[in-house]
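Written below as structure tokens is the structure these notes are about.
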Protein chains: 2
Amino acid sequence: MPRWDTMHDLPTGGQAGGRHGRGPLWWHGRFHGCGYRITVPRQAILNVLSKTSEHLSAEDVYIAVHKIYPNVGLTTVYRTLELLVQMGIVCKIDFGDKRARYELSEGPKGKRHHHHLVCTKCGRIIDYTDFIDKEIELLTKTEKALAKKHNFEINNHLIQFYGLCSECRKE
Amino acid sequence: MPRWDTMHDLPTGGQAGGRHGRGPLWWHGRFHGCGYRITVPRQAILNVLSKTSEHLSAEDVYIAVHKIYPNVGLTTVYRTLELLVQMGIVCKIDFGDKRARYELSEGPKGKRHHHHLVCTKCGRIIDYTDFIDKEIELLTKTEKALAKKHNFEINNHLIQFYGLCSECRKE
DNA sequence: TTAGTAATGGAAACCATTATCAATAAGGAG
DNA sequence: CTCCTTATTGATAATGGTTTCCATTACTAA
Ligand SMILES: [Mn+2]
Ligand SMILES: [Mn+2]
Ligand SMILES: [Zn+2]
Ligand SMILES: [Zn+2]
């Protein structure tokens with residue numbers, strides 16, 4: 001029966017998790033600011049997302065959380081992920097397999113905004129940031145032009161490349 | 001009871017539909033080439049897609065087809081759309097509402113490859129091609145660089161901008 | 001403590017998409 | 001044109017990811 005005051009036992013994922021010194025985790029402020037409570041399931045879920053570099057489905061998250069907190073329900077995982085998406089803390093992406101996948105969008109010191117290569121054969125996902133700079137530049141221009149022309153307020157974009165990964169090319 | 005030899009009564013959508021002169025419709029050859037049969041439901045479905053500039057869901061297509069051929073089943077619509085996607089005749093896109101949407105990818109004289117603006121409030125979709133040229137240029141470069149770096153064979157890409165359309169900005 | 005409310009989790013409901021399978025019909029051979 | 005082979009169809013049932021319900025639990029402030 002995990003309690004709030006035992007939460008310091010939660011694995012933090014070392015430096016990779018996106019801690020901010022020794023204080024509360026960086027997202028605590030965001031939560032308090034919105035009047036949301038910091039609960040065991042939410043901690044656990046964010047913790048799972050912080051520790052992985054993969055693109056987890058809701059069930060993946062559920063399984064990972066379940067190992068440490070077996071009484072956290074799948075429903076709560078869905079609810080929490082939705083909340084985090086809505087807060088901008090987590091990205092929800094569709095890669096064409098038929099389940100939503102989630103990843104931390106960017107901690108203050110965390111991963112940068114990036115795009116994806118998607119293997120249409122094996123489903124592998126490759127993050128890339130290398131060529132983003134030029135892309136961002138063009139995107140900014142394009143967004144401005146589109147916004148003006150269609151009187152559209154652009155808040156976000158999605159770029160994905162589909163094809164065959166190195167493994168799947170071999171055959 | 002529509003019969004094959006009545007199919008010339010199918011509305012063709014005028015010039016916008018992508019006819020190739022007076023002969024069989026342009027995709028007939030593709031079908032024969034693959035050994036696929038040309039059937040009433042397939043004609044009707046392609047006809048619906050040819051006549052609209054919207055991004056129809058499978059059910060939308062079903063409803064439209066159903067008005068003229070009430071005995072065409074939803075299952076067949078799904079199957080046919082999947083076939084057309086697999087043949088490259090139709091694009092299947094996810095806009096974040098939870099249903100796949102379909103549009104003709106490009107007839108020989110048909111619409112060009114394009115990207116989308118998606119209103120996250122009302123769901124409106126805006127096609128744009130205006131700024132594509134520069135994008136394509138960068139995309140080509142990016143694709144080449146990514147392909148080399150990750151040994152990835154890129155076959156396709158998806159670009160979408162999310163935000164608020166002119167209507168939804170007013171409030 | 002206590003009341004008020006946010007959050008939770010198990011179970012049932014939802015709903016787009018697929019799988020089944022017997023019936024139908026496209027299209028080639030004759 | 002007729003017949004035959006088999007691709008295609010469509011009603012129905014099943015699937016599976018996601019939501020909804022609602023009674024229970026647990027923060028938080030007074
Ligand atoms: Mn990623
Ligand atoms: Mn379009
Ligand atoms: Zn692969
Ligand atoms: Zn809108």
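Lettering of chains follows the sequences in order, A, B, ..., and the numbering in each one begins at 1. Not measured: the values here are computed from a predicted model.
A/E82 is listed as a side-chain neighbour of A/K92, based on a closest heavy-atom distance under 4.5 Å. At a threshold of 4.5 Å between non-hydrogen side-chain atoms, the residues B/L104 and B/I89 count as touching. Looking only at side-chain heavy atoms (C-beta outward), B/L117 and B/Y128 come within less than 4.5 Å of each other. No side-chain heavy atom of A/R42 sits less than 4.5 Å from a side-chain heavy atom of A/I45.
With the nearest nucleotide of DNA chain C identified for both A/P70 and B/L74, A/P70 has the one nearer the 5' end.
With sequence neighbours excluded, the residues forming a ring-ring contact (aromatic ring centres under 6.0 Å, His included) with B/F95 are B/H55, B/H116, listed by chain and number.
Computed from coordinates, the A/Y62 OH to D/dG16 P distance equals 17 Å when rounded to whole Å. Distance NE2 (B/H32) to C1' (D/dA7): 13 Å, rounded to an integer number of Å. To the nearest angstrom, C1' of C/dA7 lies 12 Å from OH of A/Y36. Whole-Å rounding puts the A/R99 CZ to C/dT17 P distance at 16 Å. Taking atom NE2 on B/H66 and atom C1' on D/dG10, their separation rounds to 11 Å, with Å as the unit. Per the geometry, CD1 belonging to A/I63 stands 11 Å off P belonging to D/dG17, to the nearest Å. In this structure, CD1 of B/I45 is placed 12 Å from C1' of D/dT8, rounded to the nearest angstrom. In this entry the distance linking OH of B/Y69 with P of C/dA25 reads 14 Å, nearest Å.
Considering only side-chain N and O atoms, B/K98 lies nowhere under 4.0 angstrom from the phosphate OP1 or OP2 of C/dC14. For the pair B/R37 and C/dA25, the criterion of a side-chain N or O lying under 4.0 Å from OP1 or OP2 is not met. Residue A/T39 places at least one side-chain N or O closer than 4.0 Å to OP1 or OP2 of C/dT8. In terms of phosphate contacts, B/T75 brings no side-chain nitrogen or oxygen within less than 4.0 Å of OP1 or OP2 of D/dT9.
Less than 4.0 Å separates DNA chain C from at least one heavy atom of each of the following residues of residues 77-94 of chain A: A/R79.
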**Message:** Would A/E54 and A/R101 count as a salt bridge (charged side-chain N to carboxylate O under 4.0 Å, His left out) here? Give the steps.
**Reply:** CA-CA 9 Å; A/E54 294 182 80; A/R101 296 193 168 271; over 6 Å; no
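Between the side chain of B/H32 and the backbone N or O of B/H28 there is at least one donor-acceptor pair closer than 3.5 Å. Proximity of a side-chain donor or acceptor of B/S105 to a complementary backbone N or O of B/G88 within less than 3.5 Å is detected.
Aromatic ring pairs are classed by plane angle as parallel below 30°, tilted from 30° to 60° and perpendicular above 60°; the pair B/H115 and B/H113 is perpendicular.
Axis angle across the helix from C/dT1-D/dA30 to C/dG30-D/dC1, with five pairs used at each end and values rounded to 10°: 30°.
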